[in-house]
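Accompanying notes for the structure given below.
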Amino acid sequence: MELAKVTSKGQVTIPVEIRRKLGIKTGDKVLFMEESGRVYMMNSSMDALREAQRAFVGEAERLGLKNDDDVVAMIKELREEGVVK
């Protein structure tokens, strides 16, 4: 458990151990979420990555991609069509 003090402007210094655990670096943005009466803080970049991963669930199967060779072949085909550079 870590303790932090709130300034008159509502600012809080995130303890170093928490920053390390969340992978937060200078300039990063943090996301606050409320769920069931609890507030959670997370690295917004990591949350965006998780959202992207969730969005792609099932896409490989939908496209018929079974292995790395299938992915490489698809990229080669898209490059030939000029869709991907």
Side-chain angles (χ1 to χ4, degrees):
M1 180 185 287
E2 300 286 340
L3 183 64
K5 185 177 176 181
V6 180
T7 70
S8 61
K9 294 183 178 182
Q11 298 172 331
V12 176
T13 298
I14 304 168
V16 68
E17 284 301 315
I18 302 300
R19 292 193 315 260
R20 285 183 185 143
K21 287 179 182 179
L22 295 177
I24 297 171
K25 296 177 181 55
T26 301
D28 284 354
K29 293 184 179 185
V30 293
L31 179 65
F32 294 93
M33 295 178 53
E34 187 274 330
E35 185 178 295
S36 302
R38 292 181 179 238
V39 176
Y40 298 91
M41 181 183 77
M42 65 182 70
N43 184 326
S44 66
S45 298
M46 294 305 294
D47 184 58
L49 178 60
R50 286 187 191 112
E51 283 294 319
Q53 288 173 327
R54 281 192 283 271
F56 282 105
V57 168
E59 284 301 300
E61 291 83 10
R62 186 182 72 78
L63 295 170
L65 305 173
K66 296 180 179 75
N67 55 43
D68 291 347
D69 291 336
D70 290 345
V71 174
V72 171
M74 182 185 78
I75 293 170
K76 184 177 179 181
E77 182 178 319
L78 291 171
R79 284 182 176 156
E80 288 171 357
E81 294 173 4
V83 177
V84 176
K85 291 183 180 184

Would you mind checking if Glu51 and Arg54 are paired as a salt bridge, meaning a charged N to carboxylate O distance below 4.0 Å?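 Looking at Glu51 together with Arg54, the answer is yes, because their closest N to O distance falls below 4.0 Å.
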Considering all heavy atoms, the nearest Ser44-Lys29 contact: OG-O, 2.9 Å
Of all the heavy-atom pairs spanning Ile18 and Met41, show the shortest one and how long it is.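 Here Ile18 and Met41 meet closest at CG2-CE, 3.9 Å.
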What verdict does the side chain to side chain contact (heavy atoms under 4.5 Å, CB included) test give for Val57 and Gln53, after you've listed the backbone C-alpha separation in whole Å, the side-chain angles of each residue and the deciding distance to 0.1 Å? CA-CA 7 Å; Val57 168; Gln53 288 173 327; 6.0 Å; no
Might you confirm whether atom CZ of Phe56 has over 12 heavy atoms from other residues, nucleotides or ligands at distances under 6.0 Å? no
Looking at Asp68, I'd like to know if its CG atom is crowded, meaning that more than 12 non-hydrogen atoms belonging to other residues, nucleotides or ligands lie closer than 6.0 Å. no
Look up atom CG in Leu65 and atom CZ in Arg62, then write down how far apart they are to the nearest 0.5 Å.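 Going from CG on Leu65 over to CZ on Arg62, the span is 9.5 Å.
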Separation between NZ (Lys25) and CG (Leu22), nearest 0.5 Å, reads 11.0 Å
With side chain to side chain contact (heavy atoms under 4.5 Å, CB included) as the criterion, how do Met42 and Val30 come out once you've worked through the C-alpha distance, each side chain's angles and the decisive distance to 0.1 Å? CA-CA 6 Å; Met42 65 182 70; Val30 293; over 6 Å; no
With a 4.5 Å limit on heavy-atom distance, are the side chains of Leu31 and Asn43 in contact?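 Side chain of Leu31 against side chain of Asn43, heavy atoms only: no contact under 4.5 Å found.
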For the pair Glu35 (side chain) and Arg38 (backbone), establish whether a donor and an acceptor sit closer than 3.5 Å, ignoring hydrogens and angles.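 Side chain of Glu35 to backbone of Arg38, a donor-acceptor pair under 3.5 Å: no, none is there.
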Is [X] linked to [Y] within one hydrophobic cluster, defined over Ile, Leu, Val, Met, Phe, Trp and Tyr using a side-chain heavy-atom separation of less than 4.5 Å?
{"X": "Val39", "Y": "Val12", "answer": "no"}
{"X": "Leu78", "Y": "Val71", "answer": "yes"}
{"X": "Phe32", "Y": "Ile14", "answer": "yes"}

Before giving the answer on side chain to side chain contact (heavy atoms under 4.5 Å, CB included), spell out for Gln11 and Val6 the whole-Å C-alpha distance, their side-chain angles and the decisive distance to 0.1 Å. CA-CA 5 Å; Gln11 298 172 331; Val6 180; over 6 Å; no
